[in-house]
Amino acid sequence: MENSNISKHQYFYVVGLSYKKADAEIRGKFSLDNAAKTQLLTQAKADGIESLIVTSTCNRTEIYGFAEHPFQLIKLLCDNSRGTVEEFQKVAFVYKNQEAVSHIFRVGSGLDSQILGDFEIISQIKSSLTESRSFGLINAFMDRLINTVIQASKRIKNETGLSTGATSVSFASVQYIIRNVADISNKDILLFGTGKIGRNTCENLVKHTRNPHITLINRTKDKAERLAGKLNLIVKDYSDLHLELQKADVVVVATGAQNPTIDKAILNLRKPMLILDLSIPKNVNENVREIEGVTLIHMDHLSEMTDDTLENRKNQVPAAEAIIEEVREEFMTWTKARKFAPTIHALKEKLNEIKKSELHFQSKKISNFNEEQAEIISARIIQKITTHFANHLKDDSTMVDESIEWIEKVFQIEAVAK
């Protein structure tokens with residue numbers, strides 16, 4: 001597999017972990033809140049990392065970046081999370097160059113989502129690009145790659161049925177509630193946390209349960225009030241959480257806290273309660289299971305739900321993969337051309353120097369020498385020679401690094417990247 005790195009000594013890697021091998025507890029240890037992301041990017045800049053983005057969602061934490069060795073990126077993750085290198089090695093993945101490029105296309109298109117076709121990750125990738133750019137950590141390769149992934153994601157949404165039907169973690173949670181709680185429209189529902197998943201879950205609850213007894217609580221009350229205003233719901237202060245928990249039949253927890261905010265000590269129940277924890281790290285302590293009548297469901301369980309929508313989405317995978325392959329190949333062609341372009345430019349300059357010297361020599365040696373005609377002919381020859389070299393380097397079977405090294409050695413040139 002051809003190396004697509006920018007520097008001869010650095011390679012493009014993705015290091016990370018996802019729901020595929022890491023359970024919610026381990027994913028929680030490696031999750032990065034906004035402060036941790038900022039700290040990681042600051043450290044990366046200080047370490048001399050050329051280009052890097054980091055994404056951390058409920059289902060995955062990944063770092064894409066350039067390094068001499070992937071451990072440089074792994075260390076950044078472990079230094080800024082609660083996870084250890086040993087824990088990382090048990091569940092992690094590391095992809096290099098083209099494999100890393102292919103991986104981000106699948107992630108951004110929803111093909112690698114815990115619920116197939118869930119496109120929420122693409123907004124995280126966009127935000128990561130913006131944040132890394134503010135630190136000066138986006139080079140031309142990364143900028144082009146992320147924007148190409150965004151382009152592929154848009155095409156898949158518009159040209160396939162991969163995202164048709166309402167299927168996401170938030171939708172799956174509401175479907176679970178409807179299927180498992182009788183007379184849901186008359187139950188008291190408490191939603192704790194109004195981040196993106198919380199907002200989406202709330203909207204789905206209102207739409208599909210037609211329940212007028214939904215209460216919102218958020219640490220920052222005005223955020224809950226903005227959401228409640230749109231949906232005509234009740235908002236309570238964070239200090240009322242303990243009281244509201246005693247009233248609720250169903251509790252949906254979707255906060256961004258790094259430690260559990262609900263445990264059995266604050267539950268004093270007189271009736272059954274269903275708790276859905278949609279948070280990473282987990283925000284509901286497992287000890288609530290010790291209370292009779294409490295059912296605790298985590299998002300990993302919700303992702304196992306299958307229905308007609310998911311089956312229909314599976315049928316759209318080949319079409320989505322075809323789009324990815326087309327766009328990815330365009331990107332790799334650009335990458336390859338960008339890599340050898342400085343060498344071709346240096347070769348052309350070298351040949352022009354030879355031409356100039358030879359024309360000067362011949363103009364003195366030959367009487368009536370037609371320098372203008374010779375200039376035209378030699379320029380065409382140089383163009384044909386450099387085109388032959390460029391076509392050779394574009395060929396998929398060409399070992400680009402070795403060919404570039406050979407050309408530079410034979411013609412005694414040194415390419416300068418622009």
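A donor atom on one side chain and an acceptor atom on the other are not found under 3.5 Å apart for Q124 and E120. A donor-acceptor pair shorter than 3.5 Å cannot be found between the side chains of S170 and T201. For the residue pair K336/T398, the side-chain donor-acceptor check at 3.5 Å is not satisfied. No side-chain donor from either of E99 and H103 sits under 3.5 Å from a side-chain acceptor of the other. A donor-acceptor contact closer than 3.5 angstrom links the side chains of T194 and N218.
P281 pairs by the side-chain contact (heavy atoms from CB on, under 4.5 Å) definition with S31, R82, Q258, not counting sequence neighbours. Shown here are the side-chain contact (heavy atoms from CB on, under 4.5 Å) partners of Q72, two or more places apart in sequence or in another chain: I49, A67, E68, H69. Contacts of K21 classified as salt bridge (Lys or Arg N to Asp or Glu O under 4.0 Å), with partners at least two apart in sequence or in another chain: none. Taking the side chain to side chain donor-acceptor pair (under 3.5 Å) definition, one finds that S102 meets it with nothing, sequence neighbours left out. Residues passing the ring-ring contact (aromatic ring centres under 6.0 Å, His included) test with F71, sequence neighbours excluded: none. Residues satisfying the side-chain contact (heavy atoms from CB on, under 4.5 Å) criterion with I381, sequence neighbours excluded, are I377, I385. With sequence neighbours excluded, the residues satisfying side-chain contact (heavy atoms from CB on, under 4.5 Å) with D143 are L129, R133, I138, N147.
Panel note: side chain N312, backbone G161; no donor-acceptor pair is recorded below 3.5 Å. With hydrogens and angles ignored, the 3.5 Å screen pairs no side-chain donor or acceptor of D237 with any backbone N or O of S239. Between the S128 side chain and the V54 main chain, a donor and an acceptor come within less than 3.5 Å of each other. The main-chain N or O of E353 is never found under 3.5 Å from a side-chain atom of S357 such that the two would form a donor-acceptor pair. Remark: the backbone N or O of V101 is not paired with any side-chain donor or acceptor of Y64 at under 3.5 angstrom.
Between E50 atom CD and M142 atom CE the span is 9.0 Å, to the nearest 0.5 Å.
The ring pair (Phe, Tyr, Trp, His ring centres under 6.0 Å) analysis of residues 315-338, with sequence neighbours excluded, yields the pairs F141-F331, F331-W334. Counting only residues at least two apart or on different chains, the salt bridge (charged side-chain N to carboxylate O under 4.0 Å, His left out) pairs with a member in residues 105-117 are K20-D112, R60-D112, R106-E321. Sequence neighbours left out, not one pair with a member in residues 31-48 passes salt bridge (charged side-chain N to carboxylate O under 4.0 Å, His left out). Residue pairs meeting the salt bridge (charged side-chain N to carboxylate O under 4.0 Å, His left out) criterion with at least one member in residues 374-395, sequence neighbours excluded: K355-E375.
For K236, the NZ atom is loosely surrounded, since the number of other residues' heavy atoms within 6.0 Å does not exceed 12. Heavy-atom neighbours of H360 NE2 from other residues, nucleotides or ligands within 6.0 Å: at or below the threshold of 12.
What you find for Q383 and T386 is that their closest heavy atoms are O-OG1, 3.0 Å.
Ring geometry for F389 versus F411: interplanar angle over 60°, hence perpendicular rather than tilted (30 to 60°).
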Residues 85-93 side chain polar contacts: donor-acceptor under 3.5 Å, at least two apart:
residue	atom	partner	partner atom	Å
E87	OE1	T84	N	3.0
E87	OE1	T84	OG1	3.2
E87	OE2	K29	NZ	2.6

